[in-house]
Amino acid sequence: MRQSKMLLPTLRDVPAEAEVISHKLMLRAGMIRQVARGIYDFLPLGVRVLRKIERIIREEMDRAGAQEVLLPAICPSELWQESGRWEKYGKELLRIKDRNDREFCFGPTHEEVITDLVRRDVRSYRELPINLYQIQSKFRDEVRPRFGLMRGREFIMKDAYSFHVDRADCDREYENMFQTYRRIFDRCALAYRPVEADTGAIGGSRSHEFQVLAESGEDAIVSCNACEYAANVEKAGIGDGTPPAAAEPTSLVDVPTPGQRTIEEVSAFMKMKPHRFIKTLLYVAGDTVVVALVRGDHALSEAKLKDVLGTPGVELAPESTVEAVTGAPVGFAGPIGLKGKVRLLADHALAGITAAVSGANKADVHVKGVSASRDFPNAEMVDLRIARAGDRCPRCEGTFVLQRGIEVGQVFYLGTKYSEALKANVLDGEGKERVLEMGCYGIGVTRTIAAAIEQNHDDAGIIWPMPLAPFHVVVVPVNVTDERMRTTAERLYAELTARGVEVLFDDRDERPGVKFKDADLIGCPLRITIGPRALEHDAVELKRRTEKAATEVPIADVVEQVVAIVKAETAA
RNA sequence: CGGGGCGUGGCGCAGCCUGGUAGCGCACCUGCCUUGGGUGCAGGGGGUCGGAGGUUCGAAUCCUCUCGCCCCGACCA
């Protein structure tokens, strides 16, 4: 591609809208432009990178035995009514009506549509297993789109859905997809970790996220410093900590704490460390009220609470419920003397705690001397808290380190959640109807681009790994008005292109400095510079984007060298 | 949805407090110069100051409403 002809508007200044590095660099490099909140144009350079990732995904999904389909972006509400998600998905579902007032949504994910397809066209166990995938724009009317491509309202996703006659086969495919995802992200040259994850709104029972490690990541993950265990903090199992020193229960004493509601406030007011407190949180799950206790310095994981309760979701109880159950305004709840039948759950870290402080279920009063065994013996002891650095690994003697990650992919074991709702059955070998077991597997394609840049850049710009690079090499004649430089560059451009190398040819009549700055910003892995110095000995300069210095290569050899490097670094 | 901030040529900004008819850098166009890390000189084009209403002789500037965008908290690929 000739740069003089390419729509490649690089920017010297960073548009004010951008905050994180990937967003800034994509704007500056002329890859994307914002059209509306969370909605972007892809310019030619951006599209080239997008296609690279898509290609890797297609190759690996096909290799894994999946088949590509293309489902509609616009989905009829009826299917979503059938699964129950028309109501449940909430405002994130971008809804529209056609001219006849019939309701549709722009698909945020496609379990309903694919399950509908399969229930209509797959009748026999002999046609299974089947894994269908697509690469398509998805729409989620996010509360808070952010960070450019990291969280858009329209974004490109690879989504795959597999269907099986039994659990064992679905498990097999889960593993197959897990390994396929490893290959995909390995080929994208990303530093990532698969971590155990919550199943979220999509539903299901087993899930891993693929997290690209990056400071700017929105997710917090913990990984064991001794074994392979890694998980999202909201999901991570926590091994047994040191039990609190056994102490004789002390008697309960009310402490007036006027207006002190949060742990921080009461802790400061009473001059006691937060870990001596019991945080009492009221949740509603469906129509039952649950009281959850965690230690004052810990945070409750709603994902874990949800799992423990086996409900699709939990919400903090409204003020009126808190007052009805505790008899006190919000801020003074405690485990002692709750009214009515409520389910009481306590985090493991509270087992055996003595001389703790909690709310007294009276306005402006806390109580000290609380003892777990004496004062809430009926509480179910469960894992409720968000993991932190230093927590004990559930699998070994190691401890957790905390990292931030960008979730670029997730695999789910879905089970029969959708097949049951949509009545997707097949006949098995005995002629009996079986509800299909399902798995689903997503990759945020556009988010992967952002993640790749977060991980591969320097002060001058992007540093593409070869497999994702929009061009393998940029050819820069220092001065196009010089006859020999120009013709040499033209020749190399033609020869490299003929050999299958993707070349950006900077044929613009610009100063060398401008060209070098743009080349660094765009970040092609290789640069060939054609200038007077090397040309004197019939050579050009070959430089890697990762390196400062160039090496002189005879003109006669440079094509072979570049071809060899590109081949080596794009090998599947 | 709550809290904070910002809307002035393509991008980055000044001007607003203290009303007087729009400016700077970059980019863009023309010409000459220059050609190894965002070159120099000269000339030039481009802006309903986010929108609507109001105050005023006069509004980018003051007031009201509204729309958009960004950041911080509850969601997810």
Side-chain angles (χ1 to χ4, degrees), chain A residues 9-20 23-24 27-28 30 33-39 57 89-93 108-110 135-160 181 197-202 207 209-212 217-219 232 234 302-303 313-316 405-412 440-451 460-461 476-482 485-486 508-521 527 529-535 540-541 543 548 550:
Chain A
T10 57
L11 301 175
R12 200 186 283 224
D13 297 309
V14 186
E17 73 209 32
E19 181 76 7
V20 298
H23 190 195
K24 288 179 180 173
L27 288 167
R28 285 228 292 137
R33 289 292 183 259
Q34 183 173 106
V35 175
R37 209 166 81 101
I39 296 174
I57 293 173
Y89 214 95
K91 292 181 107 171
E92 218 172 285
L93 193 61
T109 172
H110 280 71
I135 297 176
Q136 177 202 48
S137 288
K138 293 284 191 269
F139 302 84
R140 295 188 188 173
D141 199 355
E142 293 277 354
V143 190
R144 186 145 129 67
R146 227 190 318 200
F147 301 157
L149 295 191
M150 214 88 98
R151 177 177 302 278
R153 291 195 294 172
E154 175 176 341
F155 60 98
I156 296 174
M157 177 160 122
K158 188 282 306 185
D159 48 327
Y181 274 35
D198 182 49
T199 48
I202 294 180
S207 178
E209 290 167 347
F210 286 76
Q211 294 275 0
V212 167
E218 293 185 274
D219 291 318
N232 198 301
E234 57 177 25
E302 294 189 358
V314 293
E315 260 178 64
L316 268 174
I406 301 164
E407 183 195 344
V408 291
Q410 187 164 14
V411 292
F412 294 92
C440 82
Y441 320 94
I443 291 179
V445 182
T446 37
R447 183 182 280 180
T448 301
I449 299 175
V476 183
V478 161
N479 178 3
V480 289
T481 62
D482 178 278
M485 282 186 228
R486 194 173 49 80
R508 297 174 300 168
D509 183 11
E510 286 285 357
R511 304 263 317 178
V514 174
K515 297 188 182 194
F516 293 145
K517 290 283 185 199
D518 273 348
D520 286 347
L521 176 61
R527 187 178 88 194
T529 308
I530 297 136
R533 297 199 298 242
L535 225 41
V540 295
E541 287 159 39
K543 187 181 107 55
K548 259 274 177 289

Point to revise | Pairwise C1' distance, G19(B) and U56(B) [rounded to whole Å] | key: 9 Å
Study note, to complete from the structure: If pairing means Watson-Crick or G-U wobble with both distances under 3.5 Å, then the partner of A77(B) is none
Exercise for review: Using whole Å, report how far CZ of Phe139(A) lies from P of C75(B).
Suggested key: 24 Å
Review point. Would you say the side chain of Val476(A) lies within less than 4.5 Å of the side chain of Arg527(A), judging by non-hydrogen atoms?
Key: yes
Review point. CG/Asp219(A) to CD/Glu234(A) distance, rounded to the nearest 0.5 angstrom?
Key: 7.5 Å
Practice item. Quickly work out the Glu315(A) CD to C75(B) C1' distance and round it to whole Å. Key: 13 Å
Review point. With nearest nucleotides of RNA chain B determined for Arg508(A) and Ala16(A) from heavy-atom distances, which residue corresponds to the more 5′ nucleotide?
Key: Ala16(A)
Review point. In whole Å, what separates the P atom of G68(B) from that of G50(B)?
Key: 16 Å
Point to revise | U39(B) and G5(B), which share atom name P, separated by this distance in whole Å | key: 38 Å
Check your understanding: Under 4.0 Å between a side-chain N/O of Arg146(A) and OP1 or OP2 of G73(B), yes or no?
Key -> yes
Review point. How is Gly152(A) classified with respect to the nucleic acid when contacts are heavy atoms under 4.0 Å: base, sugar-phosphate, or nothing?
Key: base
Review point. Are the side chain of Arg28(A) and the backbone of Asp13(A) linked by a donor-acceptor contact shorter than 3.5 Å?
Key: no
Exercise for review: Remember a base hit wins even if backbone is also touched, and classify Glu17(A) as base, sugar-phosphate or nothing at under 4.0 Å, heavy atoms.
Suggested key: sugar-phosphate
Check your understanding: Under a 3.5 Å cut-off for both distances, is C13(B) Watson-Crick or wobble paired, and to whom?
Key -> G23(B)
Check your understanding: Base, sugar-phosphate, or nothing for Arg447(A), non-hydrogen atoms under 4.0 angstrom?
Key -> base
Check your understanding: Could you state the CD-P distance from Glu218(A) to C71(B), rounded to the nearest angstrom?
Key -> 10 Å
Review point. Reckon Val408(A) touches a base, only the sugar-phosphate, or nothing at all at heavy-atom distances under 4.0 Å?
Key: sugar-phosphate
Check your understanding: What one-letter contact string describes nucleotides 27-37 of chain B from 5' to 3', where B marks a base within less than 4.0 Å of any protein heavy atom, S marks contact via sugar-phosphate atoms alone, and - marks no contact?
Key -> S------BBBB
Practice item. Take the protein atom CD1 of Ile135(A) and the nucleotide atom C1' of A77(B), then report the distance between them rounded to whole Å. Key: 13 Å
**Study point:** Span that lies between the C1' atom of U8(B) and that of U48(B), in whole angstrom
**Key:** 12 Å
Check your understanding: Is Arg146(A) paired with Glu218(A) through a side-chain N to carboxylate O contact shorter than 4.0 Å?
Key -> yes
**Study point:** Distance between P atoms of G9(B) and U61(B) (Å, rounded)
**Key:** 15 Å
Review point. On a whole-Å scale, what distance lies between the P atoms belonging to C62(B) and C16(B)?
Key: 9 Å
Practice item. Mind checking Phe147(A) for me? I need base, sugar-phosphate or nothing, with any heavy atom below 4.0 Å counting as a touch. Key: sugar-phosphate
Review point. Does the Glu154(A) side chain pair with the main chain of Phe139(A), one donor and one acceptor, at a distance under 3.5 Å?
Key: no
Check your understanding: Is Asp219(A) touching bases, backbone alone, or none of the nucleic acid, heavy atoms closer than 4.0 Å?
Key -> base
Review point. Taking atom P in both C6(B) and A14(B), what distance in whole Å separates the two?
Key: 10 Å
Point to revise | Nearest-angstrom distance from the residue atom CD of Glu302(A) to P of A74(B) | key: 9 Å
Exercise for review: Answer yes when Asp159(A) and Lys138(A) have at least one side-chain N-carboxylate O distance shorter than 4.0 Å, and no when they do not.
Suggested key: yes
Review point. Looking only at atom types and distance, does a side-chain atom of Lys517(A) sit under 3.5 Å from a main-chain N or O of Arg12(A), one as donor and one as acceptor?
Key: no
Check your understanding: What does Ala36(A) touch in the nucleic acid at a heavy-atom separation under 4.0 angstrom: a base, only the sugar-phosphate, or nothing?
Key -> sugar-phosphate
Point to revise | Complementary nucleotide for C62(B) - Watson-Crick or wobble, under 3.5 Å | key: G54(B)
Practice item. Calculate the interatomic distance between Glu142(A) atom CD and A74(B) atom P; express it in whole Å. Key: 14 Å
Check your understanding: Gln34(A) near the nucleic acid: base, sugar-phosphate alone, or nothing, with a heavy-atom cut-off under 4.0 Å?
Key -> sugar-phosphate
Exercise for review: Considering only atom P, compute the distance from G7(B) to C11(B) and round it to an integer number of Å.
Suggested key: 14 Å
Practice item. Would you confirm whether Arg33(A), through its side chain, and Leu27(A), through its main-chain N or O, come within 3.5 Å as a donor-acceptor pair? Key: yes
Practice item. Not counting sequence neighbours, which residues clear side-chain hydrogen bond (donor to acceptor under 3.5 Å, both in side chains) with Glu142(A)? List them please. Key: Arg151(A)
Revision key, fill the gap. Whole-Å distance, Arg144(A) CZ to C69(B) P, equals 13 Å
Review point. Which is true for Glu209(A) with a 4.0 Å heavy-atom rule: it touches a base, it touches only sugar-phosphate, or it touches nothing?
Key: nothing
Point to revise | RNA chain B: 5'-proximal contact among Gly38(A) and Arg151(A) (nearest heavy atom) | key: Gly38(A)
Review point. Just how far, in rounded Å, is P of G12(B) from CZ of Arg28(A)?
Key: 12 Å
Exercise for review: Taking the side chain as every heavy atom from C-beta outward, state whether Thr109(A) and Arg140(A) have any pair of such atoms under 4.5 Å apart.
Suggested key: yes
